[in-house]
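We use all heavy atoms of the structure for the numbers below, so side chains are in, but hydrogens, waters and symmetry mates are not. So you know, we letter chains A, B, ... as the sequences are listed, proteins then strands, and number each from 1.
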2 protein chains.
Amino acid sequence: MARENKSRYVILGLLAHEPMTGYSIKKKIESSISNFYDISYGQIYPELARLEEQGLVVMKEDTNENGIVRKVYSITVDGHGQLQDWIAKPVEEEKIHYDILLKLFFGGQISVGENIEHIKAFRDRAATKLEMFEEFEATLRILLGESVDHAYYLLTVMFGKKAYKAYLEWADYAIDYLSEHKNKRGGCCE
Amino acid sequence: MARENKSRYVILGLLAHEPMTGYSIKKKIESSISNFYDISYGQIYPELARLEEQGLVVMKEDTNENGIVRKVYSITVDGHGQLQDWIAKPVEEEKIHYDILLKLFFGGQISVGENIEHIKAFRDRAATKLEMFEEFEATLRILLGESVDHAYYLLTVMFGKKAYKAYLEWADYAIDYLSEHKNKRGGCCE
DNA sequence: GGAGGCATGTAAAGGGTTACATGATTGA
DNA sequence: TCAATCATGTAACCCTTTACATGCCTCC
């Protein structure tokens, strides 16, 4: 995590599809991969400037009828090359970095009830996300013929679906488990 | 992610169990929560100094028979209070931040074969981790009576088990899916 | 008139990794 | 003797978030 400057490749990846402004890059990320990736304007604009300097993207000012200027960026051949190199490189090892697990690991420091509340909140979020991914899946399966990209997008959505389904099942299990234990013995902190 | 200085609470959490040196804190993390949390010495030592300055831990120099000094840190009442406050606070929303999903989202930029290779590598890692979690589970179920902490530890292990099982199933599905597509149409980049 | 979206940025601060630096002990 | 483990730290650098700053347009 952190060493590789993913933001630059995500930006290049989106520009490989179509020219965009910094603002639209942000919006696109929010509407597509926000579940797997985050970015802020504080990263996008300086990164676009750097990419331009290095010749990986080119900027064209687009003035509309009202005289408002938008900076539209397009990917160059060099940029495309670096993008492909990055995508083809071996995938970084993944790690589960969830607050819930860290806090649960130290769960003995608070009451069983508080731990259950934490898991319930997690459970609700997982349920919402699962629904969302299921809707995405339905939509995508209809659009599937249109472009090869949709197949890859679908695979990421399927990951989300299967992952959150497992998370939800775990949460139900964990809540049951702790509820039982809470009843069996009074607990140290109840 | 990032705004809350988790490292300080993880350190406090471990010190709540027993006094430790910076070095042993690192080792403990590696042998227990390394799957859910990472830390480096570059974080531990300065953080311990800060915690001491703020009175959340106290340091005692422990000189052994050879005259070697170890700095052993213990948590204070204040430290314990802040630890509990943190654990009791609502859990941060979790996000799936996996390189594999980012690269797969841009999978159309490389060949189907390369994408399959990426997923296979992911699959193998998931299989290894799943096995590891299953072994942890078996060990923990035996030790379960010893301490309340083991129950919470078990829950995090169960999460790992269920998560990686789902990841593994997804990977098998994704490999099949792409293999089929590869055979159906030549693909743009094959 | 005001809210919300479009659009572009900067600056400070914080969190975290990597590399460097050092040195003793222990077991093979 | 050599590698590994115990043990403590610093410095540079990078990535990222948050907050601030600005201004136009459109729709209600």
Query raised in the report: Heavy-atom distance under 4.5 Å between the side chains of F122(B) and D99(B), does that happen here?
Result: no

Below 3.5 Å, can you tabulate the donor-acceptor pairs from side chains in residues 9-16 of chain B to any protein atom, sequence neighbours excluded?
none

Query raised in the report: Is any side-chain nitrogen or oxygen of S40(A) closer than 4.0 Å to OP1 or OP2 of dT17(D)?
Result: yes

Report task. Please list, chain by chain and in numerical order, all residues satisfying ring-ring contact (aromatic ring centres under 6.0 Å, His included) with Y153(A), sequence neighbours excluded. Result -> F105(B)

Query raised in the report: Under the ring-ring contact (aromatic ring centres under 6.0 Å, His included) test, which residues partner Y37(A), sequence neighbours left out?
Result: none

Atom [atom1] of [X] and atom [atom2] of [N]: how far apart are they, to the nearest Å?
X      : N       : atom1 : atom2 : result
E30(B) : dT17(C) : CD    : P     : 12 Å
Y9(A)  : dC14(D) : OH    : P     : 14 Å
N5(B)  : dT17(C) : CG    : P     : 12 Å
I39(B) : dG16(C) : CD1   : P     : 8 Å
M59(A) : dA7(C)  : CE    : P     : 15 Å
K95(B) : dT16(D) : NZ    : P     : 13 Å
K26(A) : dC6(C)  : NZ    : C1'   : 13 Å
R50(A) : dT8(C)  : CZ    : P     : 17 Å

Report summary line: Which of dA24(C), dC25(D), dT18(D) is nearest the side chain of I68(A)? It is dC25(D)

Who pairs with [X] by salt bridge (charged side-chain N to carboxylate O under 4.0 Å, His left out), at least two apart in sequence or on another chain?
X      : value
E93(A) : K129(B)
K27(A) : E30(A)
K28(B) : E18(B)
E47(A) : R8(A), R50(A)

**Report entry** Short side-chain donor-acceptor distance under 3.5 Å, N5(A) and S7(A)
**Finding:** yes

Requested in this report: For the helix from dG1(C)-dC28(D) to dA28(C)-dT1(D), figure out the bend between the end axes, five pairs an end, and round to 10 degrees.
Outcome: 40°

Would you give me the side-chain donor-acceptor pairs under 3.5 Å for residues 67-74 of chain B, sequence neighbours excluded?
none

Each nucleotide N or O in nucleotides 20-23 of chain D that has a protein N or O under 3.5 Å away: list the pair and distance.
none

**Report entry** Selection residues 162-176 of chain B - residue pairs positive for salt bridge (charged side-chain N to carboxylate O under 4.0 Å, His left out), sequence neighbours left out
**Finding:** R123(B)-D172(B)

Report summary line: Scoring nucleotides 8-13 of chain D by protein non-hydrogen atoms under 4.0 Å (B base, S sugar-phosphate only, - none) yields BBB---

